[in-house]
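See below for the structure under consideration.
These values consider heavy atoms only, across backbone and side chains, with no hydrogens, waters or symmetry-generated copies. From a predicted model like this one, the values you see are computed outputs, not experimental measurements. Each chain gets a letter, A, B and so on, in the order the sequences are listed, and its residues count up from 1.
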Amino acid sequence: MTERKTPMLDELEKGPWPSFVTDLKRAAEKNDSVKDLIAQLEQSYEEKKGHWKHGGIVGVRGYGAGVIGRYSDEPEKYPNIAEFHTLRINSPAGWFYDTKTLRNVCDMWEEHGSGLLNLHGTTGDIILLGTKTNELQPTFDAFSDAGFDLGGSGSGLRSPSACCGPARCEWACYDTLDVCDNLTHEYQDEMHRPMWPYKFKFKFSGCPNDCVASIARSDLSVIGTWRDTLRINQEEIKNYANSGMDIQGRVCEKCPTKALTFNSETKELFVKAEDCTRCMHCINVLPKAVRPGKEKGATLMIGGKSTILRSAFLSWVIVPFMPLEAPYTELKDLIARIWEWWDEHGKTRERIGELIYRLGMGNFLRAVDLPPVPQMVKEPRANPYIFWQADEVIKADEATK
Amino acid sequence: MTERKTPMLDELEKGPWPSFVTDLKRAAEKNDSVKDLIAQLEQSYEEKKGHWKHGGIVGVRGYGAGVIGRYSDEPEKYPNIAEFHTLRINSPAGWFYDTKTLRNVCDMWEEHGSGLLNLHGTTGDIILLGTKTNELQPTFDAFSDAGFDLGGSGSGLRSPSACCGPARCEWACYDTLDVCDNLTHEYQDEMHRPMWPYKFKFKFSGCPNDCVASIARSDLSVIGTWRDTLRINQEEIKNYANSGMDIQGRVCEKCPTKALTFNSETKELFVKAEDCTRCMHCINVLPKAVRPGKEKGATLMIGGKSTILRSAFLSWVIVPFMPLEAPYTELKDLIARIWEWWDEHGKTRERIGELIYRLGMGNFLRAVDLPPVPQMVKEPRANPYIFWQADEVIKADEATK
Amino acid sequence: MSRTDLGPPDYKEMLPPVIKENYGQWLYHEYLKPGVMKHVSEKGDALYTIRIGSPRLVGLDTVRELCDLADKYCDGYLRFTSRHNVELLVSNEANVDPLLAELKQKGMPVGGTGNSISNIVHTQGWIHCHTPATDASGIVKAVMDDLYDYFTHDDLLPARLRVAMACCLNMCGAVHCSDIAILGIHRTPPRIDHTKVSKVCEIPTVIASCPTAAIKPDPKNKSVKVTEEKCMYCGNCYTMCPAMEIMDPLNDGIAILVGGKVSNSRTAPGFSRLAIPFLPNNAPRWPEVTEAVRNIVETWAKDAKKGERMGEWISRIGWERFFDRTGIPFTDKHIDDYIFSIPTFRTTTNFKW
Amino acid sequence: MSRTDLGPPDYKEMLPPVIKENYGQWLYHEYLKPGVMKHVSEKGDALYTIRIGSPRLVGLDTVRELCDLADKYCDGYLRFTSRHNVELLVSNEANVDPLLAELKQKGMPVGGTGNSISNIVHTQGWIHCHTPATDASGIVKAVMDDLYDYFTHDDLLPARLRVAMACCLNMCGAVHCSDIAILGIHRTPPRIDHTKVSKVCEIPTVIASCPTAAIKPDPKNKSVKVTEEKCMYCGNCYTMCPAMEIMDPLNDGIAILVGGKVSNSRTAPGFSRLAIPFLPNNAPRWPEVTEAVRNIVETWAKDAKKGERMGEWISRIGWERFFDRTGIPFTDKHIDDYIFSIPTFRTTTNFKW
Ligand code: SRM
Ligand code: SRM
Ligand code: SRM
Ligand code: SRM
Ligand code: SF4
Ligand code: SF4
Ligand code: SF4
Ligand code: SF4
Ligand code: SF4
Ligand code: SF4
Ligand code: SF4
Ligand code: SF4
């Protein structure tokens with residue numbers, strides 16, 4: 001344990017935004033590993049350099065995932081963080097908690113670890129930040145007894161996450177929390193025992209506002225939408241107009257498809273349903289007056305990911321509309337086909353989007369049995385390098401026979 | 001010489017559009033090779049298959065380009081087109097002719113070849129379509145004596161071409177014909193003795209309407225533009241407005257940068273100069289009232305090409321503005337630097353655009369000594385894979401010294 | 001002996017006097033009728049241009065006929081356009097109508113200006129090339145016959161219409177940026193004549209020529225072999241090596257691409273994109289092709305706003321609607337799977353049903 | 001023994017009663033003030049949400065303090081957002097003001113709704129990761145201090161502002177689609193410890209890990225070598241092989257990317273794009289970074305139209321203007337040279353001076 005001055009970190013206690021340094025210092029009062037953490041961090045600040053070594057393989061019994069091993073590269077100097085692993089605890093769908101549960105989390109983590117946590121990790125887990133190898137199993141046991149389980153890591157399914165959806169949002173086009181929860185339970189094995197080419201992420205957003213950034217941050221993005229016409233409450237339109245809202249300027253003119261017309265005499269708003277692309281803009285600006293349609297479901301998109309290796313991809317449409325009702329059989333069947341193909345053809349560290357890029361959408365669609373539709377593309381190919389399947393051309397030898 | 005019925009080609013003499021078959025038949029009356037050509041073509045129509053063999057290397061003395069060798073694959077059947085090469089004759093800039101010259105072309109070609117020609121080839125040459133190997137040199141000699149020379153082919157400079165520009169168009173921002181002519185004369189060696197990785201094309205358009213499709217079809221596209229404000233003649237605006245032209249709808253609303261405002265009271269049109277991207281739209285619709293500015297020159301763009309290999313590219317900006325005055329020294333210096341770099345680094349059959357794609361714009365710009373400017377990109381890179389030059393980073397060993 | 005490196009003839013010597021005198025001083029132009037333009041200079045001089053459609057592949061009789069017309073009405077001056085039309089350059093206004101009358105009588109089409117279809121830029125096809133998947137001149141004739149009225153009128157279409165045709169994917173016709181592109185395509189891998197490969201081809205060059213790395217050495221045969229699943233029939237290897245036959249009458253045919261443009265007017269230049277992956281090679285008049293082109297043109301003409309070129313129309317209504325309205329089926333072929341595929345995928349939920 | 005594969009706790013059990021009763025039946029919402037929302041259901045029930053900024057990296061004291069507040073005002077219910085803010089879920093309207101008063105007194109920032117900056121999504125940095133080029137929590141603290149007013153107000157910005165931070169280009173913070181992205185970058189090739197490579201790394205995997213094929217086997221050393229001109233310092237090899245040190249205090253630092261978004265509202269989602277290639281790692285308060293971010297935010301705030309997010313503003317004015325107005329120099333670094341570079345080049349003459 002190293003006690004030392006932290007003039008640089010102290011600077012980060014100043015200013016109005018809540019300070020993680022203050023939290024670290026408070027935690028350090030009760031936990032020696034945090035003292036070492038602070039000291040090592042101060043050293044990083046001085047040297048402009050991290051001081052963690054590559055994680056070795058650590059974990060809990062029966063699991064291949066959920067723990068990130070971490071070791072200080074100066075264990076003699078910082079013995080209390082010689083081992084300082086994190087556990088990823090799968091959070092409840094939508095990140096809703098009661099205080100009883102949350103206090104229990106605190107108590108368990110006080111007993112078994114540093115007392116530091118991320119609420120939440122960017123994938124959505126509760127990140128228990130820092131404990132020793134021999135505490136991993138006891139920590140897991142305690143959390144498991146309390147009804148928690150580990151999240152994902154490594155080359156497996158990562159903890160799915162969902163926007164608050166029907167629990168707190170009027171725009172949810174399907175039950176994001178239930179799908180998230182249902183699928184997470186369904187795929188425990190895929191999450192806990194990584195065995196794929198690389199990681200795979202699901203994120204569930206209830207509408208095209210995409211409040212969990214699923215299109216950017218998940219391999220399979222499930223985004224709520226509707227098939228019929230958005231609903232307009234003309235009374236509320238009048239109220240907005242009367243309250244001074246510039247409906248023509250802020251709504252109609254910004255509609256990307258120019259599907260809206262506002263009659264400034266009658267103060268009525270009309271939508272040309274077949275032009276609307278359900279971008280949500282008019283709904284967002286006029287939440288009391290405009291709402292999604294009634295025939296609801298989701299658009300499924302594939303391939304979203306960050307930079308490594310072929311640069312970042314945004315997910316793209318593979319199923320324009322799928323109704324999503326428990327037990328989500330159609331969705332699960334499709335997922336099974338996708339994973340099977342990826343597992344068979346993917347190279348190590350090749351995400352599904354990159355595999356499709358390498359082998360082509362045509363091959364992907366045939367393999368997972370999805371019909372090609374124009375909604376999948378912004379625009380068709382510009383090059384003439386079209387592949388033809390054997391049954392689409394006439395074989396010369398057949399013809400001469 | 002084969003005389004035969006041509007029921008399929010005969011079908012193409014029907015209809016209002018002038019028929020190449022009629023021209024072939026008329027030519028066949030005077031020339032036996034055209035009779036064979038017609039017969040072989042009829043066979044191609046029947047079989048749905050071309051009947052030309054790969055061109056061997058044929059040409060004229062001192063030249064490595066300008067002739068495309070062509071041989072029938074059924075020379076016994078069509079002896080008069082056993083050899084049927086084309087000569088590419090470099091056309092005058094802008095394709096202006098007097099009849100004396102054109103009649104002379106006819107006479108010479110009547111004597112030496114099939115009497116068929118393309119006016120013009122898609123690169124812009126006069127294509128003399130079909131003659132025998134032993135006629136190549138005499139044909140060339142005759143044309144040379146008449147003041148003509150061969151155009152390009154193979155891995156060298158291709159015949160540059162230019163829109164009619166200042167000769168017949170009010171919008172030309174530089175002298176397309178003169179630049180085209182000047183550069184063509186300057187680079188005779190590069191055109192006639194191919195020695196590069198692949199072909200290289202110049203095309204010169206006097207304004208962004210790009211009437212020679214230079215952006216799509218040339219490696220170095222030179223497109224006229226202006227640096228100051230477009231000029232508006234308010235009297236003529238009034239005339240247009242009075243004649244019923246919907247200036248607001250057809251001009252202002254279609255201006256891509258919304259740089260125009262029309263005062264429907266005073267019938268005046270105003271441009272916000274710093275927003276205008278010189279797209280030509282307002283000028284095109286109101287040719288009597290709006291014209292380019294006065295400070296004229298050209299935008300230079302690189303990389304345009306068709307499909308092979310890495311798919312088609314459109315040229316992109318490398319010099320937003322270059323004044324173009326004879327003797328075009330600045331332009332020629334740049335061209336020299338571009339060719340030098342391409343020649344040094346290009347692989348066989350790699351066009352300049354593909355080389356830049358492979359090695360990166362940064363390397364290209366450094367090599368040809370052009371400053372990077374935002375006009376070169378639609379948008380900056382989204383990936384973080386930035387290359388740093390040795391002098392931009394601190395070497396570890398230097399620092400420790 | 002003839003001189004070399006003379007370069008092209010001096011363009012200045014072949015300009016009509018009215019152009020020499022007003023060079024660089026043109027002020028504006030007007031369309032008098034389809035195919036007839038008047039350019040007026042700052043000095044007030046005028047030049048009348050009569051544009052005539054041409055099959056481009058012409059014989060000497062036709063050229064001499066054009067010279068006769070130019071001599072009679074144009075003081076001996078004429079030019080050709082970047083789309084291979086003929087332009088008769090009339091300095092004397094009085095000659096315009098008589099010239100038009102004679103052209104009419106001769107059946108020579110006047111048009112191609114303004115909101116019309118101009119000539120189809122095209123290539124050699126079976127007339128002269130060794131890699132074509134179809135003919136060029138024949139299809140062009142059939143399509144121009146069919147769209148003839150759109151050439152001679154400039155008030156039937158929402159905007160100009162530029163059609164191009166190339167007989168193989170080398171795209172000498174620059175079809176890659178046309179409102180409508182008619183493109184000859186092969187659809188089967190090259191058939192290798194192993195006995196010839198080592199004799200007529202340089203094996204490393206052949207291997208390097210393949211964009212998808214489908215060609216591997218076949219040392220046993222002193223030849224090469226092709227991984228068929230990787231081959232997209234570009235014919236590059238055939239260009240490098242005649243022993244790799246790419247022409248295949250059973251399967252060669254035509255693809256149609258749409259929505260490209262070249263000018264910077266309003267919108268940036270853009271590529272033509274696949275509309276119909278394959279139509280059969282039905283010489284001599286390719287009815288499937290003329291029908292398909294007409295369908296696209298007429299759907300556009302009916303649906304687009306004034307001034308909207310094909311691609312502008314499509315980007316307003318969306319590709320999903322383009323396929324709906326034209327009735328063209330969307331297939332896996334339409335989805336890009338080459339180098340720049342990813343940016344063409346729909347990375348948004350904003351689409352139409 | 002503990003059970004495995006239990007899965008996450010049942011979310012249904014932790015929803016407040018007002019949510020259970022109105023699940024899926026919310027009708028609309030209102031912003032009462034920055035950070036305070038009211039959701040009303042079809043039945044007329046209301047839920048009040050108070051959003052509090054959080055450093056995300058918290059100790060137990062903070063969590064327990066939040067629980068105390070939730071117990072006192074929210075019947076024990078709270079949630080966290082996808083951007084790691086805390087949301088206190090108040091069923092009883094009467095509790096809203098007292099809660100806000102207590103939060104104010106405690107100095108806990110309420111805000112992040114509507115047209116404000118919300119929390120910065122970020123990553124581990126020097127706190128816990130092995131590849132960072134910078135710290136995450138420290139920069140976030142410095143930037144949020146600086147932009148604090150934009151969190152607690154929702155009328156100072158043209159639209160919402162989403163900033164993300166990742167400490168290396170793995171981009172765990174999903175910075176690739178943010179209005180402003182703060183990104184740790186390395187700038188020098190890995191330094192190879194040849195004595196360790198064969199012991200701790202699988203050489204073929206290391207070679208395969210390099211996106212630019214810069215790594216070649218070095219059989220003499222039983223190691224690998226790196227072609228430095230090809231290396232763009234992604235650190236992929238280091239992730240595969242700890243013997244290839246990528247951290248370099250002399251040269252590591254920060255890049256700023258701008259204009260990305262995630263929502264489909266109005267415009268499609270899009271990537272953040274490079275604005276500033278490099279800023280130094282000046283811990284503890286990274287003044288160059290806070291200054292750069294503030295400059296971009298304020299230029300946007302001043303110049304954008306109401307409702308225009310960063311990227312929408314930039315695409316209206318053009319990148320050439322973005323660089324002008326922010327005063328950020330444009331360099332060769334800004335021009336893409338990776339796989340999808342070509343579609344980012346300006347293939348039109350339509351640009352601004
Ligand atoms: C903890 C967390 C950051 C955080 O502070 O919140 C994290 C931390 C790490 N990520 Fe991540 N990633 C985390 C969310 C993400 C996200 C965001 C998301 O999931 O929404 C992304 C971008 C989305 C995506 O998946 O592409 C992300 C993209 C990566 C990548 C690049 C993947 C790619 O295909 O581009 C790597 C590199 C790798 O896999 O080797 C990576 C690797 C890592 C590793 C395991 C570093 C490594 O190679 O060993 C980091 C361990 C840090 C540590 O010591 O704990 N992490 N990582 C996030 C997980 C918390 C959680 O479970 O809730
Ligand atoms: C004659 C002409 C077509 C025509 O009917 O007008 C033509 C004919 C040929 N082109 Fe072309 N190209 C012709 C203009 C073009 C153009 C258009 C242009 O220049 O504006 C292009 C597209 C622009 C470009 O350069 O990319 C063009 C792109 C190609 C390509 C693909 C190049 C690429 O990088 O993608 C090839 C393939 C090759 O080089 O092997 C090619 C190859 C050929 C060859 C030489 C075929 C071959 O591999 O041997 C053709 C010889 C036909 C023959 O028998 O005469 N030709 N070629 C055009 C030249 C006439 C002239 O000199 O005026
Ligand atoms: C004669 C010619 C130049 C030459 O040196 O040969 C020419 C001449 C003129 N062009 Fe062009 N353009 C010529 C090929 C082109 C091309 C190239 C092509 O078609 O391959 C383009 C680009 C086409 C494209 O975008 O795909 C072209 C895009 C334009 C435009 C932009 C149109 C647009 O809105 O996109 C204008 C402006 C207009 O018409 O409004 C224009 C305007 C003009 C004007 C009005 C310029 C003038 O003031 O004289 C000329 C008469 C136009 C007409 O035909 O209605 N010219 N013009 C070419 C005639 C080809 C033909 O026979 O049809
Ligand atoms: C609580 C949260 C969902 C959750 O389950 O955690 C949420 C909740 C709401 N979002 Fe969101 N969004 C949440 C993250 C997001 C994200 C993801 C992100 O920021 O990483 C996005 C995409 C951001 C992007 O595009 O980069 C997002 C894009 C939107 C939009 C579209 C805004 C736009 O014009 O681009 C709206 C509509 C609006 O505000 O006009 C919206 C609207 C809303 C509404 C009004 C929905 C409703 O009716 O309740 C909620 C309050 C919004 C507010 O904060 O003003 N929400 N929202 C997330 C709060 C994060 C936070 O703490 O700040
Ligand atoms: S994604 Fe849609 S449904 Fe989900 S919280 Fe955001 S606005 Fe509501
Ligand atoms: S949801 Fe979007 S596209 Fe549809 S009408 Fe509203 S603003 Fe227009
Ligand atoms: S490119 Fe411009 S200058 Fe040249 S002919 Fe066309 S409109 Fe005139
Ligand atoms: S040239 Fe184009 S951008 Fe400029 S004002 Fe005219 S229409 Fe607008
Ligand atoms: S397009 Fe192909 S077949 Fe036609 S002329 Fe060009 S190279 Fe020959
Ligand atoms: S046709 Fe093209 S893709 Fe096929 S083997 Fe030949 S070069 Fe390769
Ligand atoms: S962004 Fe990089 S350094 Fe930061 S947590 Fe993720 S992997 Fe680690
Ligand atoms: S840092 Fe990246 S680019 Fe450089 S050698 Fe390693 S893997 Fe290759």
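Side-chain contact check for D/Thr49 and A/Arg168: at least one donor-acceptor pair (N or O, by modelled atom type) lies under 3.5 Å.
Here D/Arg64 pairs with A/Asp107 in a salt bridge; the nearest charged N to carboxylate O distance falls below 4.0 Å. Remark: A/Lys30 engages D/Asp61 in a salt bridge, criterion side-chain N to carboxylate O under 4.0 Å. In this structure, A/Arg291 pairs ionically with D/Glu42, as a charged nitrogen and a carboxylate oxygen lie closer than 4.0 Å. Salt bridge status for A/Lys254 with D/Glu308: absent, with no side-chain N to carboxylate O gap under 4.0 Å. The pair A/Arg193-D/Asp5 meets the salt-bridge criterion, since a charged nitrogen lies less than 4.0 angstrom from a carboxylate oxygen. We find that D/Glu65 and A/Arg26 are joined by a salt bridge, their nearest charged nitrogen and carboxylate oxygen being less than 4.0 Å apart. Ionic pairing of A/Arg103 and D/Asp71 is present here: one or more N-O contacts between side-chain nitrogen and carboxylate oxygen are shorter than 4.0 angstrom.
Options D/Leu47, D/Ile127, D/Leu15 differ in how many heavy-atom pairs under 4.5 Å they form with chain A, and the most are formed by D/Ile127. Note: A/Leu129 leads A/Val285, A/Leu129, A/Asn284 in heavy-atom pairs under 4.5 Å with chain D. When each of A/Met280, A/His185, A/Glu47 is checked for heavy-atom pairs under 4.5 Å with chain D, A/His185 comes out on top. Among the candidates D/Lys12, D/Gln124, D/Glu30, D/His39, the residue making the largest number of heavy-atom pairs closer than 4.5 Å to chain A is D/His39. Counting heavy-atom pairs closer than 4.5 Å to chain A, the top residue among D/Met171, D/Gln25, D/Lys20, D/Arg56 is D/Arg56. Top candidate by heavy-atom pairs under 4.5 Å with chain A, chosen from D/Met37, D/Met240, D/Glu13, D/Arg162, is D/Met240. In terms of heavy-atom pairs under 4.5 Å with chain A, the best-connected choice from D/Gly138, D/Pro16, D/Cys177 is D/Gly138. Top candidate by heavy-atom pairs under 4.5 Å with chain D, chosen from A/Ala28, A/Ala146, A/Ala93, A/Ala27, is A/Ala93. When each of A/Ala172, A/Gly130, A/Ser114, A/Gly94 is scored by its heavy-atom pairs under 4.5 Å with chain D, the top score falls to A/Gly94. In terms of heavy-atom pairs under 4.5 Å with chain D, the best-connected choice from A/Gly249, A/Gly124, A/Cys207, A/Cys169 is A/Cys169.
Looking at D/Met108, neither its backbone nor its side chain comes within 4.5 Å of chain A, counting heavy atoms on both sides. Using a 4.5 Å cut-off between heavy atoms, A/Thr348 does not touch chain D at all. Of the two parts of D/Tyr77, the backbone and the side chain both hold a non-hydrogen atom closer than 4.5 Å to a non-hydrogen atom of chain A. Neither the backbone nor the side chain of A/Leu150 comes within less than 4.5 Å of any heavy atom of chain D. Proximity to chain A (any heavy atom under 4.5 Å) is restricted, for D/Met247, to the side chain, taken from C-beta onward. Contact of D/Phe340 with chain A is made through the side chain alone, with heavy-atom distances under 4.5 Å. Using a 4.5 Å cut-off between heavy atoms, D/Cys129 contacts chain A through both its backbone and its side chain. Contacts of A/Arg278 with chain D are absent, with no heavy-atom separation under 4.5 Å from either backbone or side chain. For a residue to count as touching a neighbouring chain, one of its non-hydrogen atoms must lie under 4.5 Å from one of that chain's; by this rule D/Thr81 touches chain A with the backbone only. At a 4.5 Å heavy-atom cutoff, the contact between D/Phe80 and chain A is made by backbone and side-chain atoms alike. Heavy-atom distances place no part of D/Asp146 under 4.5 Å from chain A, backbone and side chain included.
Inter-residue side-chain proximity for A/Asp73 and D/His130 is flagged as unmet; no heavy-atom pair is nearer than 4.5 Å. Looking at heavy atoms from C-beta onward, D/Val262 lies in side-chain contact with A/Ile215 at the 4.5 angstrom threshold. Side chains of D/Val63 and A/Cys106 form a contact here, defined as non-hydrogen atoms less than 4.5 Å apart. By the 4.5 Å heavy-atom criterion applied to side chains, A/Leu102 and D/Leu78 are counted as neighbours. Side chains of A/Leu116 and D/Val58 form no contact here, defined as non-hydrogen atoms less than 4.5 Å apart. When side chains are defined from C-beta on, D/Leu89 counts as touching A/Phe96, because their heavy atoms get closer than 4.5 Å. A 4.5 Å side-chain heavy-atom check between A/Pro92 and D/Pro8 finds every atom pair outside the cut-off. Side-chain atoms of A/Ser311 and D/Ile339, non-hydrogen and from C-beta on, never get closer than 4.5 Å to each other.
Looking at D/Ser263, its side chain never comes within 3.5 Å of a backbone N or O of A/Asp210 through a donor-acceptor pair. Checked by atom type and distance alone, the side chain of A/Asp98 never pairs as donor or acceptor with a backbone atom of D/Met14 at under 3.5 Å. The main-chain N or O of D/Trp126 is never found under 3.5 Å from a side-chain atom of A/Ser44 such that the two would form a donor-acceptor pair. Between the side chain of A/Gln188 and the backbone N or O of D/Gly7 there is at least one donor-acceptor pair closer than 3.5 Å. Side-chain atoms of A/Thr307 do not come within 3.5 Å of backbone N or O of D/Asn170 as any donor-acceptor pair. Of the possible polar contacts, one joining the D/Lys141 side chain to the A/Trp17 backbone as a donor-acceptor pair under 3.5 Å is found. Listed for the A/Thr122 side chain is no donor-acceptor partner under 3.5 Å among the backbone atoms of D/Gly173.
A distance of 8.5 Å separates SG in D/Cys210 from CG in A/Leu309, rounded to the nearest 0.5 Å. In this structure, CD in A/Glu170 is found 9.5 Å from CH2 in D/Trp26, a value given to the nearest 0.5 Å. The distance from atom CH2 of A/Trp95 to atom CD of D/Glu87, rounded to the nearest 0.5 Å, is 10.5 Å. Rounding to the nearest 0.5 Å gives a distance of 11.5 Å between OG of D/Ser82 and NE2 of A/His120. Residue D/Asn85 holds its CG atom at 12.0 Å from CG of A/Leu119, rounded to the nearest 0.5 Å. Between atom OG1 of residue A/Thr184 and atom OH of residue D/Tyr11 there is a gap of 10.5 Å, rounded to the nearest 0.5 Å.
Between D/His128 and A/Trp52, the distance separating the two ring centers is shorter than 6.0 angstrom. For D/His29 and A/Trp171, the gap between ring centers is short of 6.0 Å.
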Report the C-alpha separation of A/Asn209 and D/Asn264 in whole Å, then their side-chain angles, then the decisive distance to 0.1 Å, and conclude whether the side chain to side chain contact (heavy atoms under 4.5 Å, CB included) test is met.
CA-CA 6 Å; A/Asn209 281 332; D/Asn264 293 278; over 6 Å; no

Between D/Phe271 and A/Leu314, is the side chain to side chain contact (heavy atoms under 4.5 Å, CB included) condition met? List the steps.
CA-CA 8 Å; D/Phe271 295 120; A/Leu314 285 156; 3.8 Å; yes

Working for side chain to side chain contact (heavy atoms under 4.5 Å, CB included), residues D/Arg285 and A/Leu12:
CA-CA 7 Å; D/Arg285 294 204 65 103; A/Leu12 288 171; 3.9 Å; yes

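The environment of A/Lys347 atom NZ is sparse: at most 12 non-hydrogen atoms of other residues, nucleotides or ligands sit within 6.0 angstrom.
Across all non-hydrogen atoms, the minimal contact from A/Asn90 to D/Pro9 is O-CD, 3.8 Å.
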